[in-house]
Amino acid sequence: MEKQKKIKPPKELPSGFEDRKEKELLIRDFIILKIKEVMVKYGFQYLETPSFEYTESIGKFLPDKERPGEGVFSFKDENKWLSLRYDLTAPLARYVAKNFNEIPKPFKRYQLGTVWRNEKPGPGRFREFLQFDADYVGTKNLQADAELCVMISEILENCGLAKDDYIVKISSRKITDTLFEKLKIQSEEKISIILRALDKIDRLGWTEVKKLLGEGRKDKSGDYTKGANLKDDQIKIIENSLNVNLPESEDLKQIIKIFKDYKFDNYKFDPSVIRGLEYYTGPIFEVNLNFNVKNLKGQVIQFGSIGGGGRYDNLVSNFGNLDYPATGISVGIDRLVFALMQKKEFDLKVISPVMISVFDQNNMKKYIEILMKLRSENISSEIYPGEGKIKKQMEYANRINSPCVIFVGEEEIKNSEVKIKDLSTGKEINIKNENMVNEIKKII
RNA sequence: GCACGGGUAGCUCAGUUGGUUAGAGCAGCGGUUUGUGGAACCGAAGGUCGACAGUUCGAACCUGUCCCCGUGUACCA
């Protein structure tokens, strides 16, 4: 007899994709609720765009134009390339360009949606995640930029973070522009190496970043990264520029002034905030957490920022429309959930059903009668959904955290009563049918 | 991409200098108990030792290549 080889489909998930369980989802729902509250309060419109866009519509603005499609999930439909969106900003630009005549100007909208990135996942970073994005389109007024920072702070605090749990860091493309003038560096390539190095100060510290600005750096696994090969005096200039506490650029001065009017002070000027290289044109911001985040194994991991944004004044004009300024902010919701779960105790009310035990399939009519009575009172309830002995039914009830089990056997039917067992105390009582609901309400 | 560490039962993991039939705990299944759960006891079952090739009388173990996972790093809208 020839044994047929069983080809088992993998039960593992593709790298970077995750199942999300109830606890996480409930916290996520809570955060989303808080976001929506704040967005309504701040007067933003709610928008949804599709998951797929034409690759060109969102890919055209990839920072690395040499490799379009890199980093996104794409497939060819008929003769057109489609891609899953990798953020919510590019689709917004497309939306604005498409609906230019219909939208109010300026246009404020927020969006919550899943985005996908085809890149190596890391701790707390997935290839599919939920993003929140709020933007002002069509205004150069820096009050918009300032308000985004105030707004994100309000969202975080409404979610339960304390003031010293997070900080909004601000900087501006103008800061680095003048820095490179001072350094007399024009080479795009060199500039981007330097910017990327500066971006890492948070994680690596100045000593390591200094190596990246100079010859290069070896990381702790032995891997080597080439540096920018700057001269010592140039590095000194950069170091000095980082130690400035108050920004010299006009835009940031103005934003800070507006912060004062909002009585918002949980920000910090940090010239090492870089964000996207070819993307932002003015003020940029980043939201960082001030506490350690651990992975499932309890190791402290490099968590990075949970969100950020800035001004991108030429995104919409790429679609052939007129120059149209914009500023926005994005937050990785799942990352926020992950961090928040460790910082805050959520008293989640996970409701588990009252279980009606099945003694005899022939009495199903009776069980359903009880079930409908409970459900009509809005009590989460179910008839034991499997088959098997009472012991098994009890094990199930225990497993799903059922508050109590209802037994209706022959005796109970005879006396027109039910037996209710409180699973937290183990106590059982027999009670007349008409008092059942009240008794159960006492237990749950 | 690069570096380091992993891949053994459904899950978490042991497995000696290469040696015969590869182990444990948990889960699952059956029973002790056909009206009672939250770590009770007993029993049976469960494996291409990530894949392929090589070395060897003999490989979970050694070598090579590849795949997958983790961490760091690079890139990052």
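Computed from a predicted structure; not experimentally measured. Labels below follow one simple rule: chain letters A, B, ... track the order of the sequence lines, proteins then strands, and each chain is numbered from 1.
Close placement of the Phe44(A) and Tyr136(A) rings is indicated, their centers lying within 6.0 Å of each other. For Tyr324(A) and Phe100(A), the gap between ring centers is short of 6.0 Å.
Considering only side-chain N and O atoms, Lys226(A) lies nowhere under 4.0 angstrom from the phosphate OP1 or OP2 of U73(B). The shortest distance between the side-chain N/O atoms of Arg203(A) and the OP1/OP2 oxygens of A74(B) is below 4.0 Å.
When each of Gly409(A) and Ser424(A) is assigned the nucleotide of RNA chain B bearing its nearest heavy atom, the one mapping closer to the 5' terminus is Gly409(A). Residue whose closest nucleotide on RNA chain B sits further toward the 5' end, between Gly16(A) and Asp422(A): Asp422(A).
Taking 3.5 Å as the limit, the base of G38(B) and the side chain of Asn398(A) contain no donor-acceptor pair of atoms between them. Put simply, the side chain of Glu428(A) and the base of U36(B) share a donor and an acceptor less than 3.5 Å apart. Between the side chain of Arg275(A) and the base of C76(B), no donor-acceptor pair of N or O atoms lies under 3.5 Å. Residue Glu412(A) places a side-chain atom within donor-acceptor reach of the base of G35(B), judged by atom type and a 3.5 Å distance cut-off alone. For a distance-only test at 3.5 Å, the side chain of Lys120(A) qualifies as a donor-acceptor partner of the base of G72(B).
Counting non-hydrogen atoms under 4.0 angstrom, Arg125(A) reaches a base of the nucleic acid. Nucleic acid contact for Lys389(A): sugar-phosphate only, since backbone atoms but no base atoms lie under 4.0 Å from a heavy atom of the residue. Among the heavy atoms of the strands, none lies under 4.0 Å from Ile406(A). When heavy atoms are screened at a 4.0 angstrom cut-off, Thr89(A) is found touching no nucleic acid atom at all. Using a 4.0 Å heavy-atom distance criterion, Gln131(A) is classed as making no nucleic acid contact.
Here the side chain of Leu423(A) is nearest to one of G37(B), A77(B), G35(B), namely G37(B). Comparing atom distances between the Lys391(A) side chain and each of G35(B), G37(B), A74(B) picks out G37(B) as nearest. Taking every side-chain heavy atom of Arg117(A) into account, A77(B) is the closest of U33(B), U73(B), A77(B). Side-chain proximity of Lys392(A) to C29(B), G35(B), U32(B): nearest is C29(B). Here G28(B) is the nucleotide among G35(B), G28(B), A74(B) with the atom lying nearest to any side-chain atom of Arg399(A). Among the nucleotides C75(B), G37(B), A77(B), the one closest to any side-chain atom of Arg196(A) is C75(B).
In this structure, A45(B) makes no Watson-Crick or G-U wobble pair, since no nucleotide meets both defining distances under 3.5 angstrom. Nucleotide G5(B) has C69(B) as its partner under the Watson-Crick or G-U criteria, with both atom distances under 3.5 Å. Pairing for G18(B) is absent, judged as Watson-Crick or G-U wobble with the two contacts each under 3.5 Å. Of all nucleotides present, only U12(B) satisfies the Watson-Crick or G-U wobble test against A24(B), with each distance under 3.5 Å. With a cut-off of 3.5 Å on both pairing distances, C61(B) has no Watson-Crick or G-U wobble partner at all. In this structure, A40(B) forms a base pair with U32(B), meeting either the Watson-Crick or the G-U wobble geometry with both donor-acceptor distances under 3.5 Å. The base-pairing partner of U55(B), taking Watson-Crick or G-U wobble contacts with both distances under 3.5 Å, does not exist among the strands shown.
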Listed pairs, N/O of protein and of nucleotides 66-68 of chain B, under 3.5 Å:
none

Does Lys200(A) form a salt bridge (Lys or Arg N to Asp or Glu O under 4.0 Å) with Asp202(A)? I'd like the steps, not just the answer. CA-CA 5 Å; Lys200(A) 293 180 181 91; Asp202(A) 254 8; over 6 Å; no
Please walk me through it: do Phe17(A) and Phe126(A) pass ring pair (Phe, Tyr, Trp, His ring centres under 6.0 Å)? CA-CA 6 Å; Phe17(A) 290 85; Phe126(A) 303 105; 9.2 Å; no
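The number of heavy-atom neighbours closer than 6.0 Å to NZ of Lys34(A), taken from other residues, nucleotides and ligands shown, is above 12.
Per the geometry, CD belonging to Gln361(A) stands 18 Å off P belonging to U34(B), to the nearest Å. Regarding Glu189(A), its CD atom lies at a distance of 12 Å from the P atom of C75(B), rounded to whole Å.
In summary, the side chains of Trp81(A) and Glu56(A) do not present any donor paired with an acceptor at a separation below 3.5 Å, with no hydrogens or angles considered.
Side-chain atoms of Ile27(A) and Met341(A), non-hydrogen and from C-beta on, do get closer than 4.5 Å to each other.
Look at Glu395(A) and Lys392(A) and you find no salt bridge, because none of the NZ, NE, NH1 or NH2 atoms lies under 4.0 Å from a carboxylate O. Taking a cutoff of 4.0 Å between a charged side-chain nitrogen and a carboxylate oxygen, Lys414(A) and Glu411(A) do not qualify as a salt bridge.
The P atoms of C29(B) and G50(B) are separated by 28 Å, rounded to the nearest whole Å.
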